[in-house]
Protein chains: 2
Amino acid sequence: MRTEGRAKRLPRAVRERQIMDAAVDVFSRLGFHAASMDEISDVAGISKPMLYAYLGSKEELFATCIRREATRMMEAIATGVEPDQEPDVQLWSGLRAFFGFVGENRASWMVLHRQASTQGGPFAVELTDMRTRAVSLVAALLTQSTKAPATKLEAESLAAALVGAGESLAEWWLDHPEEPAGVVAARLMNLVWMGFGDLVDGNVWHPPSRR
Amino acid sequence: MRTEGRAKRLPRAVRERQIMDAAVDVFSRLGFHAASMDEISDVAGISKPMLYAYLGSKEELFATCIRREATRMMEAIATGVEPDQEPDVQLWSGLRAFFGFVGENRASWMVLHRQASTQGGPFAVELTDMRTRAVSLVAALLTQSTKAPATKLEAESLAAALVGAGESLAEWWLDHPEEPAGVVAARLMNLVWMGFGDLVDGNVWHPPSRR
DNA sequence: CAGTAGTCTTACTCGCGAGTAGGTACCAGG
DNA sequence: CCTGGTACCTACTCGCGAGTAAGACTACTG
């Protein structure tokens with residue numbers, strides 16, 4: 001991963017990108033505390049003072065990583081989802097987009113999910129923000145469905161459970177990469193839409209290919 | 001939380017308990033890296049060398065905490081679940097036991113879920129062990145249900161999703177402590193057993209009080 | 001070609017925290 | 001009252017990592 005070519009004297013914007021990429025990589029592998037600024041500057045192929053000059057302190061750098069990756073991910077999902085469709089189709093497209101993103105951005109996902117959630121610092125804010133947006137999205141989807149959950153609290157907690165199920169399944173997926181994204185997404189779709197009760201009886205939810 | 005009475009010259013077994021309790025408390029609040037041995041010994045009301053004499057290095061201490069709390073939790077669930085019952089009732093009792101434990105042992109839960117899962121060290125083993133046991137438990141429950149998921153992989157991933165949903169909902173619950181454990185458990189039960197599809201149509205799952 | 005702005009480096013300081021050396025108090029049993 | 005053992009302490013060493021001082025090298029601009 002180490003940058004080799006020693007390409008010298010690059011413009012600031014480019015360097016910042018390189019540094020951010022390196023930081024996400026290192027943070028995802030080691031976690032916030034265990035990651036050292038020396039390691040990050042090393043992976044980025046620059047010296048430490050550059051790092052401080054461009055991205056500030058370690059905490060600032062981490063927060064910036066979170067923000068960037070969270071934005072990337074929410075955009076990926078927003079792009080993938082299809083509004084003005086039946087609730088089940090909306091959920092389905094959202095899940096596909098989510099698992100698609102995780103599959104192609106494992107490091108981003110690890111920084112977001114594992115690292116950010118544990119460090120109680122100013123980062124939790126960024127992360128909680130994104131998670132809240134995701135939960136609200138799902139909660140809105142549930143509420144808009146006819147006789148769905150009554151109270152706001154109920155919808156929110158169900159949405160939290162669903163988001164958590166997605167996160168956890170994504171985590172599991174990291175250990176079983178042989179499965180394609182679509183299959184994993186479909187599985188979760190079936191779980192949350194049909195429920196075990198129906199699955200036990202052999203009733204499954206079909207993707208919109210039949211439409 | 002600081003131990004005041006300066007009760008002196010206690011037998012080793014008692015001190016070890018105190019130290020473990022203090023360690024779980026500190027680890028849960030600060031995480032593995034940010035927690036210092038000085039802080040732990042301070043909270044436990046003893047000096048650092050005692051800590052090292054009794055519980056070994058920081059890593060050993062942390063691993064011991066994980067093991068103890070994981071065991072406590074799995075025992076709580078095993079005690080709460082009712083085998084030889086219909087699958088839905090088994091799941092229901094398991095969920096109740098789980099949320100009951102988390103509600104009364106927030107610190108234990110945080111150490112287990114947030115801290116242990118992120119530190120890639122030798123702890124992950126302990127934690128993964130427990131999680132695997134939990135997932136296997138659920139997977140077995142699913143497989144034993146008649147026409148349930150075909151492949152082993154499918155059952156496992158669904159179980160992982162369910163366990164994750166539980167973890168996530170427990171996390172959400174920490175921010176909404178006003179809700180009683182039973183309500184939260186019932187909500188998850190409805191989600192995973194009935195699915196949104198049924199919930200949207202107003203079909204809910206009833207706890208076994210009707211039996 | 002001097003000046004100025006921006007890129008980039010080596011070589012430090014300094015505090016924090018893991019782990020330890022070397023003791024002191026207290027309680028057995030002889 | 002001595003002898004050993006166990007509980008317990010103060011006061012260190014020492015490395016690692018965050019953050020910085022001070023300057024060098026390049027490139028554009030007049």
Side-chain angles (χ1 to χ4, degrees), chain A residues 2-23 25-66 115 119-123, chain B residues 2-23 25-66 115 119-123:
Chain A
R2 213 133 295 191
T3 306
E4 295 299 347
R6 260 311 119 127
K8 293 227 166 186
R9 288 195 96 63
L10 298 177
R12 175 165 185 155
V14 177
R15 278 286 188 233
E16 284 189 352
R17 251 197 115 108
Q18 290 182 355
I19 295 174
M20 294 286 292
D21 292 342
D25 173 46
V26 174
F27 281 134
S28 72
R29 289 199 329 262
L30 305 180
F32 176 72
H33 270 286
S36 75
M37 294 298 261
D38 289 274
E39 170 86 8
I40 293 174
S41 63
D42 191 19
V43 170
I46 56 154
S47 64
K48 211 161 38 148
M50 287 304 306
L51 217 175
Y52 280 89
Y54 284 172
L55 277 311
S57 71
K58 187 182 181 183
E59 296 209 344
E60 288 178 72
L61 173 60
F62 189 57
T64 308
C65 286
I66 306 275
Q115 312 311 332
Q119 319 304 343
F123 334 114
Chain B
R2 213 133 297 190
T3 306
E4 295 299 347
R6 258 316 110 138
K8 293 225 164 185
R9 288 194 93 64
L10 296 177
R12 175 164 183 158
V14 176
R15 276 287 187 235
E16 283 188 353
R17 251 198 116 109
Q18 288 183 359
I19 295 174
M20 293 286 293
D21 292 342
D25 173 46
V26 174
F27 281 135
S28 72
R29 290 200 328 264
L30 306 179
F32 176 72
H33 270 287
S36 75
M37 294 299 260
D38 288 273
E39 170 87 6
I40 293 174
S41 63
D42 193 19
V43 170
I46 55 155
S47 66
K48 211 159 41 145
M50 287 303 305
L51 217 175
Y52 279 89
Y54 285 173
L55 276 312
S57 72
K58 188 182 182 184
E59 297 209 344
E60 287 178 70
L61 173 61
F62 189 59
T64 308
C65 287
I66 307 277
Q115 312 311 331
Q119 321 302 343
F123 335 112

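Residue numbers start from 1 in every chain, and the chains themselves are labelled A, B, ... in the order their sequence lines are given, proteins ahead of strands. What's counted below: heavy atoms across the whole structure, side chains too, no hydrogens, waters or symmetry copies.
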Identify whether NZ of Lys or CZ of Arg in Lys58(B) sits under 6.0 Å from the centre of the six-membered ring of Phe27(B) and within 45° of that ring's axis.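 No, cation not above the ring by the 6.0 Å, 45° rule.
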Hey, does [X] reach any base, or is it just sugar-phosphate, or nothing, if we go heavy atoms under 4.0 Å?
X        : answer
Ser47(B) : base
Ala34(B) : nothing
Pro49(A) : base

Would you kindly give the [atom1]-to-[atom2] distance between [X] and [N], to the nearest whole Å?
X        : N       : atom1 : atom2 : answer
Met37(A) : dC12(C) : CE    : P     : 21 Å
Leu51(B) : dT10(D) : CG    : P     : 14 Å
Tyr52(A) : dT13(C) : OH    : P     : 17 Å
Asp38(B) : dA11(D) : CG    : C1'   : 12 Å
Met50(B) : dG19(C) : CE    : C1'   : 16 Å
Ile46(A) : dC25(D) : CD1   : P     : 20 Å
Ile40(A) : dA18(D) : CD1   : C1'   : 12 Å
His33(B) : dA18(D) : NE2   : C1'   : 15 Å

Side chain of Lys58(A) (C-beta onward), nearest among dT20(C), dG19(D), dG17(C):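 Taking heavy atoms from C-beta onward, the closest nucleotide is dG19(D).
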Can you give me the closest heavy-atom contact between [X] and [Y], atom names plus distance?
X        : Y        : answer
Met37(A) : Tyr52(A) : CG-OH, 3.4 Å
Ser47(B) : Ser41(B) : C-CB, 3.9 Å
Arg29(B) : Asp25(B) : NH1-OD2, 2.8 Å

[X] side-chain N/O to [N] phosphate OP1/OP2 under 4.0 Å:
X        : N      : result
Arg12(B) : dC8(D) : no
Arg15(B) : dC8(D) : yes
Tyr54(A) : dG6(C) : no

Below 3.5 Å, does any donor atom in the side chain of Lys48(A) face an acceptor in the base of dG19(D), or the other way round?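 A donor-acceptor contact between them is present.
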Does atom CZ of Arg17(A) have more than 12 heavy-atom neighbours from other groups under 6.0 Å away?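 Counting neighbours around CZ of Arg17(A), 12 or fewer heavy atoms of other residues, nucleotides or ligands fall under 6.0 Å, so no.
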